[in-house]
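For reference, the structure discussed in these notes is given below.
In the text below, chain A, chain B and the rest are named by the order of the sequence lines, each starting its count at 1. Just so we're clear, the structure is a prediction, and the values are computed from it rather than from any experiment.
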Amino acid sequence: MQRKQYILLATLALAALLLVDLWPNDLSLKAFWGSEIFIELRLPRVISAMIGGIALGWSGLMMQTLFRNPLAGPFLIGITPGATFGVALTTYLGSSLGLNEALSHMAIQPLAALGGAFLVLGIQLALHKKLTQMHSLLLVGLVLGYFFGAAVDIITQTAQAQQVKQFVMWGMGSFDRVLLQELIPLGLTTLAGGLILIYHKHTFNTYLLGDIHVESAGKSAKSIRTWLILGSASMAAVVTAFCGPISFVGLIAPHISRKINGSESHQKNIFTTAITGASLTLAADIIANNAIPNSTLPVNAILSIIGAPLVIWMLARKP
Amino acid sequence: MKRPANTPTITAILMALCFFVGCKNNPNNHDPKGVVWITNAQAMLFRVGYNQTDSFLEVYNDPKSKQLLGAFFWGKSSTVKGYQKIQFRNKIVSLSAIHTGMLAELGQAKSIVGVESQKYIAHPALYQSSALKAMTELAPNGPIIPEKLANLQPKLLIGYVFNIQEKNTIERIAKNHFPVVWANNHLEPHPLGRAEWIVAMGWLLGKSKESTALFQQIAKEYNEISQKAQHTPKPTVMMNIPYNGQWFVPQGQSYMTQFILDAGGDPITIQGEGSGSNMVGLEKALQAMKQADVWINTDLCNTQRCLKDMEPRVENIKALKNNRVYHFNKKINPNGSNPYWDMGCIYPNLLLRDIYNIVHNTPESLYFYDLCP
């Protein structure tokens with residue numbers, strides 16, 4: 001099959017998933033699409049799933065470029081553990097300072113997650129100018145991940161049962177909690193990340209060949225890294241803040257995209273990574289909400305269950 | 001040609017296996033001689049019995065498997081096959097705030113030397129008392145600290161099975177030193193079943209008469225309210241709050257659902273079967289709950305503002321519009337401990353009376369609950 005046919009098929013699959021996810025369960029089509037349930041609940045959920053998938057896919061693409069390593073993702077450079085730490089800390093403060101009511105405000109958790117994620121981002125940005133080896137930066141991310149993971153363990157150990165429940169629920173990842181107005185920061189950050197990708201696509205291709213190639217093209221490798229860190233971490237941080245830690249998409253969407261295109265080129269992979277990322281999150285959202293009639297499954301679990309065999313199949317398959 | 005299967009051998013192996021498994025699950029294949037077991041009103045996970053010389057307590061794992069977790073006796077006999085003798089009733093470790101509350105209700109708080117954590121104990125007779133301060137905290141922030149338990153050298157431990165590792169750790173420390181009674185009253189499906197465990201606690205303390213009388217009084221009041229509620233209209237009642245877009249909706253046979261049914265309400269459950277709860281996405285949950293007449297158990301939120309801040313899309317729920325939202329934090333202590341959890345379990349009659357008054361819109365004298373302003 002030709003590349004264009006693959007892309008057409010992927011786009012159609014995305015459209016179909018979007019339609020299925022928006023389709024009413026009990027009400028008639030006419031009654032549902034004008035209803036409060038559709039506008040207030042279904043639409044924000046489905047759109048956030050789609051934007052979240054695009055953002056995480058692009059974030060993964062940029063991180064894999066930054067580290068020139070196909071294993072990179074938001075978990076690996078410490079963004080997700082940082083965001084998790086922010087949420088756990090706020091939950092703990094709510095419990096120990098008697099501020100449960102004040103800290104139960106819906107905006108607090110995303111702000112706490114953003115705070116934690118940007119703390120890690122700040123450390124990474126400050127260090128990347130001093131560290132000449134890319135694997136050092138990767139190690140810093142891993143070490144930060146362990147550090148924040150340990151801090152979260154200590155916090156959850158001392159928190160009260162209800163706070164732990166709140167925190168665990170956040171960790172499962174969900175598009176249900178996103179409000180209509182929250183789609184704006186989510187969408188704008190994704191757009192900004194997309195613009196960075198589009199604007200620097202040729203330089204990112206050169207960067208994949210090594211720092212020396214970037215420098216010989218008259219550009220600064222450090223400045224490219226700053227853009228890559230800023231773009232990828234911001235998108236991952238915002239998605240984590242609003243939807244909780246969503247795993248696997250950032251790791252596998254760029255891989256599937258490269259398989260479709262048969263190329264590492266960013267100009268080819270920007271669009272297909274977006275389609276793949278959105279399709280994965282929409283599929284997970286559909287399964288999470290429909291697999292068991294009277295329950296909703298955690299999106300993160302669904303993504304890992306879909307993602308793990310997909311990655312193994314892709315790796316085992318002949319090129 | 002295939003050899004025919006050796007049917008008698010296979011049957012014998014299967015029978016031996018069944019016998020082995022059966023014996024392991026229930027070591028007391030034969031009741032003690034002449035024992036008369038008392039029929040419980042609701043509790044399914046323990047039984048008390050008597051014969052001419054001794055009295056007996058058996059505790060079970062959960063209502064489904066009813067696997068024997070322990071068998072105890074006290075009395076004239078020095079040994080009874082399959083039963084462990086309870087010799088001492090002082091130096092007790094109680095790992096559940098509910099069991100601790102029950103022991104306090106029976107006037108034995110001073111016999112308790114160790115608890116899981118002081119911060120969970122809200123019983124009015126214990127909270128901020130010198131007796132509580134004297135108790136050693138064995139698991140103040142998480143799992144039990146084995147050295148602390150061993151150093152305490154208790155004579156009896158009353159616990160509940162939370163995870164198998166902790167159970168094994170405690171049993172390893174207890175071996176040959178002190179008996180461990182696993183009191184899984186939290187798995188009893190009916191509120192009166194949970195409260196009836198005070199009879200088992202009374203047996204352990206040698207106060208069977210007092211504990212049985214106390215439980216009978218609780219059950220009488222509970223059943224009176226429940227009977228009164230059967231002839232009233234049935235308002236719909238929703239429970240709990242959403243966390244990050246997910247709502248834990250109790251199932252049809254859960255503990256809280258039973259309270260609402262007994263209070264004459266119509267509980268909103270998404271799945272009729274089961275005694276747990278379902279994690280349901282906000283869309284499904286709000287569709288089911290939008291027309292609820294009453295909303296109870298708002299967890300951490302004591303105000304309507306808090307509920308709307310936590311999830312703005314709840315504002316169209318009928319109960320919220322009509323100011324019929326109730327939290328259970330009325331008696332919460334400054335350290336966060338809440339008598340709703342322990343006293344509510346010991347005295348389900350008080351909890352039922354509150355829910356009855358809330359459901360039937362006569363909330364003048366609530367004990368555990370309060371209106372969310």
_Salt-bridge contact A/R45-A/D21 (side-chain N to carboxylate O under 4.0 Å)_ = yes
*When you check the gap from the basic side-chain N to the acidic O, do A/E36 and A/R42 get nearer than 4.0 Å?*
no
*Is the centre of the B/H186 ring less than 6.0 Å from the centre of the B/Y160 ring?*
yes
*Check side-chain contact (heavy atoms from CB on, under 4.5 Å) between A/A291 and all other residues, then give those that pass, not counting sequence neighbours.*
A/I287, A/L297
*For B/L286, is it the side chain, the backbone, both, or neither that has a heavy atom closer than 4.5 Å to a heavy atom of chain A?*
side chain
*Tell me the residues of residues 277-284 of chain B whose non-hydrogen atoms fall below 4.5 Å from those of chain A, in number order.*
B/N278, B/M279, B/V280, B/G281, B/L282, B/E283, B/K284
*Report yes if some heavy atom in the side chain of B/N323 is under 4.5 Å from a heavy atom in the side chain of B/Q304; otherwise report no.*
yes
*Could you verify whether a donor N or O on one side chain and an acceptor N or O on the other, from A/S59 and A/S232, lie under 3.5 Å apart?*
no
